[in-house]
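Quick note on labels: first sequence line is chain A, next is B, and so on, each numbered from 1. Note: hydrogens, waters and symmetry copies are ignored here, and every other heavy atom, side chains too, is used. Note that the structure is a prediction, hence the values are computed from the model and not measured.
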Protein chains: 2
Amino acid sequence: MGRTMPDSAIRPRKEFGKTIAADITHRLREEIIACALPPGEPLRFDVLRERFGASFTTLREALTALAAEGLVDAQEQRGFRVAPVSRQDLVEVTDARVLIEMELIRRSIARGDDDWEIAVISTLHRLKRIEQRDPEHPLRDPEWKIAHRQFHQSLVSACGSATLLAIRAELFDRAERYRHLSANFRPRPRDKAGEHQAIMQAAISRNADLAVQLIEAHIRSTSDNVAKYAGHLLDNE
Amino acid sequence: MGRTMPDSAIRPRKEFGKTIAADITHRLREEIIACALPPGEPLRFDVLRERFGASFTTLREALTALAAEGLVDAQEQRGFRVAPVSRQDLVEVTDARVLIEMELIRRSIARGDDDWEIAVISTLHRLKRIEQRDPEHPLRDPEWKIAHRQFHQSLVSACGSATLLAIRAELFDRAERYRHLSANFRPRPRDKAGEHQAIMQAAISRNADLAVQLIEAHIRSTSDNVAKYAGHLLDNE
DNA sequence: AACGATATGATTTTCGAAAATATGGTCTGG
DNA sequence: CCAGACCATATTTTCGAAAATCATATCGTT
């Protein structure tokens, strides 16, 4: 019975995916989103090899995948770097999110069943409980980040299009990086709790027009906050 | 003077990108879109190695990139295969294209300058000339494919969002694969020339509502044609 | 001094062998 | 005859060395 897992001590880390490459893709993505690897930072193989304990080609595979997601910038024959940030890119990501998220909310409200309603309510509940516990710096709390992501995910989860959900997820990641960028300079988090509550209620009561309007305001005000408090990081490039 | 390129005979092929991996990504993408590699086909490394003359890890990098684009399906520890096709996927791709392409046409019409108008007119002109030359099986003609792609690209090129243009390009590729799928069974190409002409005129005359309406009909009728003539290939899976 | 060519060192990119994992067939006990 | 363990083979995945390419400093010529 204890025979099938003799190597858990030998194999170092594969917390996420089954392959090392998928695992490193995941870990690199998290670090880039959290700005632990700052925008524009060159990603040299020597450094990465030591940091992640993987070989050249495995790292290369991970970086290639992240380049396709827009989190890494691949410069042929001259290596990779963390994708740079800019006002233009922030505007584009925000615009694209508004376009897609509004459509997906609308579809979810039209198609969502009981399970969808339960998911929306329960993910918001968890988010609020975490916020009560530590209302200070939510983005620093990994649990808050996950709960926040899952609440927004649940809102659109009944839209019926895996294709659009995948696109939405990429844009969400790119936007979250900008939020992290401004988190260190933002004086105090604004009242997101109330906004989330209002969005949930509009969704559950099947008021699509209101929900769409609230989501757009939510996304745009977040983006405006980033531009306001992290503007000095966006000017160059 | 002739000293800087002594190895053009040694190095076998790098027609597209500067790196072999980028080149193979490009070639694999073309073959998958053209259904030379049919949907669901397992992509085994032995075969690919012989076909493309590259090593395991280089191929792996290319496949990973294509998996992020949705053209390849990565099954961890069990290799890669060409992304399968299905009615559901066709519907999702079509819906997503309609949503995004309509928005981008609108923005392009609002923002496009003289150069944009010239690009739209000239790409349509080239497309029509190619169609006159050989009106039979346009999808079999690489030149027609390129011209067709460039015409549709030019229509949205002034939208101002590289982010949305990249998403649009991926969806276009995925849709084109379905068109190839049905090309062998379609009795005769319908009157696309007239549709393209009408779209161009609506765009140039800045009639956004009409252009959007025509584009939606264009995309949806193409998709309907695929479902009609390649439906027997979509049922399983 | 300015410029271009060239050598040197740093870094990326590619390769094929080796390790890890899955697949398929065979055998055994029920 | 079936279910499940076990082995042998096929395939994927990972690694580090080697080749290719880029960046920088040095040198010679005008």
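The residue A:F56 sits close to a base: some heavy atom pair falls under 4.0 Å.
Identified under the ring-ring contact (aromatic ring centres under 6.0 Å, His included) test for residues 143-168 of chain A, with sequence neighbours left out: A:W144-A:H148, A:H148-A:H152, A:H148-A:H196, A:F151-A:H196, A:H152-A:H196, A:H152-A:H218. The list of side chain to side chain donor-acceptor pair (under 3.5 Å) pairs with a residue in residues 31-46 of chain A, not counting sequence neighbours, reads A:E31-A:R51.
Regarding A:R49, its CZ atom lies at a distance of 9 Å from the C1' atom of D:dC15, rounded to whole Å. B:L48 places its CG atom 12 Å from the P atom of D:dT13, with the value rounded to the nearest Å. Atom P of nucleotide C:dA22 and atom CD of B:E76 are separated by 11 Å, given to the nearest angstrom. Across the protein-nucleic acid pair, A:I20 atom CD1 and D:dT12 atom C1' stand 13 Å apart, rounded to whole Å. We find that CD of B:E61 is positioned 11 Å from P of C:dC15, with the value rounded to whole Å. Distance CD (A:Q77) to C1' (D:dA20): 8 Å, rounded to an integer number of Å. We find that CZ of A:R78 is positioned 11 Å from P of C:dT12, with the value rounded to whole Å. In this entry the distance linking CG of A:L63 with P of C:dT14 reads 14 Å, nearest Å.
A heavy atom lying under 4.0 Å from DNA chain D marks none of the residues of residues 37-45 of chain A.
Looking at residues two or more places apart in sequence or on another chain, you find a side-chain contact (heavy atoms from CB on, under 4.5 Å) between B:S161 and A:E92, B:R107, B:C159, B:T163, B:L164. Legend: residues meeting side-chain contact (heavy atoms from CB on, under 4.5 Å) with B:T57, ordered by chain and number and at least two apart, are A:T57, B:S55. Considering only residues two or more places apart in sequence or on other chains, B:A119 meets the side-chain contact (heavy atoms from CB on, under 4.5 Å) condition with B:S154.
Listed candidates were D:dC22, C:dT14, D:dG16. Nearest to the side chain of B:A21 is C:dT14.
A salt bridge does not link A:R27 to A:E30: none of the charged nitrogens lies less than 4.0 Å from a carboxylate oxygen.
One finds a side-chain N or O of B:T58 lying less than 4.0 angstrom from the OP1 or OP2 phosphate oxygen of C:dC15.
The closest side-chain heavy-atom distance from B:R140 to B:N184 is below 4.5 Å.
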